[in-house]
There are 2 protein chains.
Amino acid sequence: MRRIADSTVRRLSLYLRFLEESTNRGLVTISSDELARRGGTTSAQVRKDLSFFGSFGKRGLGYSVPELTESLREILGLRRDWQVIIVGAGKIGTALAQYRGFRQRGFRVTAVYDRDPKKIGTRWDALTVRDMAEIERDIQKEHPDIAVLTTPAEEAQVVVDRLVSAGMRALLNFAPIQLQVPPDVTLKNVNMAMELEGLSFALTNRDR
Amino acid sequence: MRRIADSTVRRLSLYLRFLEESTNRGLVTISSDELARRGGTTSAQVRKDLSFFGSFGKRGLGYSVPELTESLREILGLRRDWQVIIVGAGKIGTALAQYRGFRQRGFRVTAVYDRDPKKIGTRWDALTVRDMAEIERDIQKEHPDIAVLTTPAEEAQVVVDRLVSAGMRALLNFAPIQLQVPPDVTLKNVNMAMELEGLSFALTNRDR
DNA sequence: GGCGGCTTGTGAAATCATTCACAAGTTATC
DNA sequence: GATAACTTGTGAATGATTTCACAAGCCGCC
């Protein structure tokens, strides 16, 4: 398979979201044009995105909502659950650990780590905060798939190095810093500072 | 000024972060190559990004850390504070409202809204959760610059329409949904579901 | 079964973003 | 003040992504 652009994968995720909504509204069939309007793109873009993976539609008719939903789940690797650990039990880490949306989409948070003795052992729901010191051992034993990083920025790189050498290969980083990882590790960033600064830029340079 | 690509603005934000760190370490001068290594890009990219806005370096020497820092702050519109409101006092909204990083970067959270009577009136620090019903009046009175959306996905579009007609022109959306806004409104998204699905895709399609 | 109205899938073209490559400027050294 | 060692700024080349445009296929109706 030819290398797929990041932007394409992001849009697939959006299409899937809209398809799920369409299912709830009882729609059976949907056109690339409707998918595009909702995803803020063009119908040609939708068709091109899908064409990298096969041909899913019927000319003259559009796409079957349940079939395309299933195909996108397959493509995105969502026909299985993923085991997620959260590293850093601060404000954001805690909020994420309790966030229902993850579970609903097949991302099961199975552990939360911190190094602060005051936090270790506290519980929410079924989750107990574990000691950061045990993380390598746990990773080797439990093989989580994805680690979400919510440590302070200063500690993030050190923590990432530990996670990577313990075997983690997929990371979602919330610290406002660009992390260095080896090429076989996939890293995604959620950087609120960057987004806010993007808004600041837009507001400042609005009128040309 | 020629239209600036989103990717460029995002990198400027990264460079600024690294410059701040360099200041703390007492560096006076920095080359495009060092900036690039840290930002995960190339030195040519750094120079090109900066060239859209002027020429800030000295050939043979590199860039003055304090001067480039100041120039980037200027370009990004960060020489002033921005007034931010948070709409939705759930897990994420609450975590964001208490997050120190915003304030440090000049984004002052001045109000939090929810429509749940059980939440209205609760306080953290200097902030009291206000009634969603008052948001239009408050916007007209207090002129916040940026609204952060942390409502459930189902309500997000309705809330956005209200915010836009009350005059908001910059939005940061955390709901996992693509919102529709008029062209004079800037919308940025933080979509954790999308990032996780991107990781799922990468893990699934790792070996070709 | 033929016709009209739709909508897909996809090469080709156009646009946009990144990388190359090098002249020109700066500093340090002798 | 000439030379060597660096590093910027930037057109031109390359590469990637998006948009165009249209043939081909499907459905419903007469």
Side-chain angles (χ1 to χ4, degrees), chain A residues 1-15 18-19 22 27-72 75 178 183 194 198 201, chain B residues 1-15 18-19 22 27-72 75 178 183 194 198 201:
Chain A
M1 191 199 293
R2 200 206 118 188
R3 202 191 140 272
I4 300 299
D6 219 66
S7 49
T8 295
V9 178
R10 299 173 73 83
R11 281 190 300 266
L12 293 181
S13 181
L14 278 180
Y15 304 153
F18 185 39
L19 284 167
S22 302
L27 294 182
V28 173
T29 241
I30 195 168
S31 68
S32 58
D33 200 53
E34 290 168 283
L35 235 18
R37 256 201 303 280
R38 190 51 174 261
T41 178
T42 65
S43 63
Q45 180 78 79
V46 171
R47 296 197 300 274
K48 182 67 84 179
D49 285 340
L50 295 175
S51 77
F52 294 130
F53 301 96
S55 79
F56 304 100
K58 272 213 173 65
R59 289 165 196 238
L61 235 200
Y63 301 88
S64 148
V65 171
E67 280 174 25
L68 186 56
T69 301
E70 197 41 43
S71 300
L72 286 182
I75 290 165
Q178 194 62 24
M194 187 185 275
F201 178 82
Chain B
M1 189 199 294
R2 200 205 119 188
R3 204 192 138 274
I4 301 299
D6 219 64
S7 50
T8 294
V9 178
R10 299 173 73 83
R11 282 191 300 267
L12 293 181
S13 181
L14 278 180
Y15 305 153
F18 185 39
L19 285 166
S22 302
L27 294 182
V28 174
T29 242
I30 195 169
S31 67
S32 57
D33 200 53
E34 290 167 283
L35 236 18
R37 256 202 301 281
R38 191 50 172 262
T41 177
T42 65
S43 63
Q45 180 78 80
V46 171
R47 296 197 300 275
K48 182 68 81 178
D49 285 340
L50 295 175
S51 77
F52 295 130
F53 301 95
S55 77
F56 304 100
K58 273 214 173 64
R59 290 165 195 237
L61 234 201
Y63 301 88
S64 148
V65 171
E67 280 174 25
L68 186 55
T69 301
E70 196 41 41
S71 300
L72 286 182
I75 290 164
Q178 195 61 24
M194 186 186 275
F201 178 82

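Everything numeric in this text was worked out from a predicted model, so none of it was measured. Below, chain A is the first sequence line, B the second, and so on; all start at residue 1. Only this structure's heavy atoms are used, side chains among them; waters, hydrogens and symmetry mates stay out.
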Any A/Ser31 side-chain nitrogen or oxygen under 4.0 Å from OP1 or OP2 of C/dT7: no
Nucleotide C/dC16, atom C1' - distance to CD of B/Gln45 in whole Å: 12 Å
B/Arg47 side chain near C/dT19 phosphate (N/O to OP1/OP2, under 4.0 Å): no
Side-chain-base donor-acceptor pair under 3.5 Å for B/Arg59 and D/dT8: yes
d(CZ, A/Arg11; C1', D/dA16) in whole Å: 12 Å
Residue-level proximity of residues 61-72 of chain B to DNA chain D when a heavy atom falls under 4.0 Å: B/Leu61, B/Gly62, B/Tyr63
Pairwise distance CG(B/Asp49) to CZ(B/Arg11) - rounded to 0.5 angstrom: 4.0 Å
Reported CZ-to-OG1 distance for the pair B/Arg10 and B/Thr8, which is rounded to 0.5 angstrom: 11.5 Å
Whole-Å gap separating C1' (D/dA16) and CG (A/Asp49): 14 Å
Distance in angstrom units between B/Arg3 CZ and C/dA17 C1', rounded: 12 Å
Atom pair OG1 (B/Thr41) and CG (B/Leu35), whose distance is rounded to the nearest 0.5 Å: 10.0 Å
Student check: side-chain heavy atoms of A/Ile75 and A/Val9 closer than 4.5 Å: no
Whole angstrom value for the distance that separates P of C/dG5 from CG of A/Asp33: 18 Å
Backbone N/O of A/Ser31 and side chain of A/Glu34: donor-acceptor pair under 3.5 Å: yes
Sugar-phosphate only, base, or nothing, as touched by A/Ser32 at under 4.0 Å among non-hydrogen atoms: sugar-phosphate
Between P of C/dA17 and CG of B/Leu50, the distance in whole Å: 17 Å
B/Ser51 side chain near D/dG9 phosphate (N/O to OP1/OP2, under 4.0 Å): no
Side-chain heavy-atom pair B/Tyr63, B/Leu19 within 4.5 angstrom cut-off: no
Of B/Gly57 and A/Asp6, the one whose closest DNA chain D nucleotide lies more 5': B/Gly57
Whole-Å distance separating the NZ atom of A/Lys48 from the P atom of C/dT15: 16 Å
5′-ward residue of the pair B/Ala5/A/Ser55 relative to DNA chain C: A/Ser55
Rounded interatomic separation in angstrom, taking CD from B/Glu34 and C1' from D/dT7: 11 Å
CZ-CZ distance between A/Phe52 and A/Arg3, expressed to the nearest 0.5 angstrom: 10.5 Å
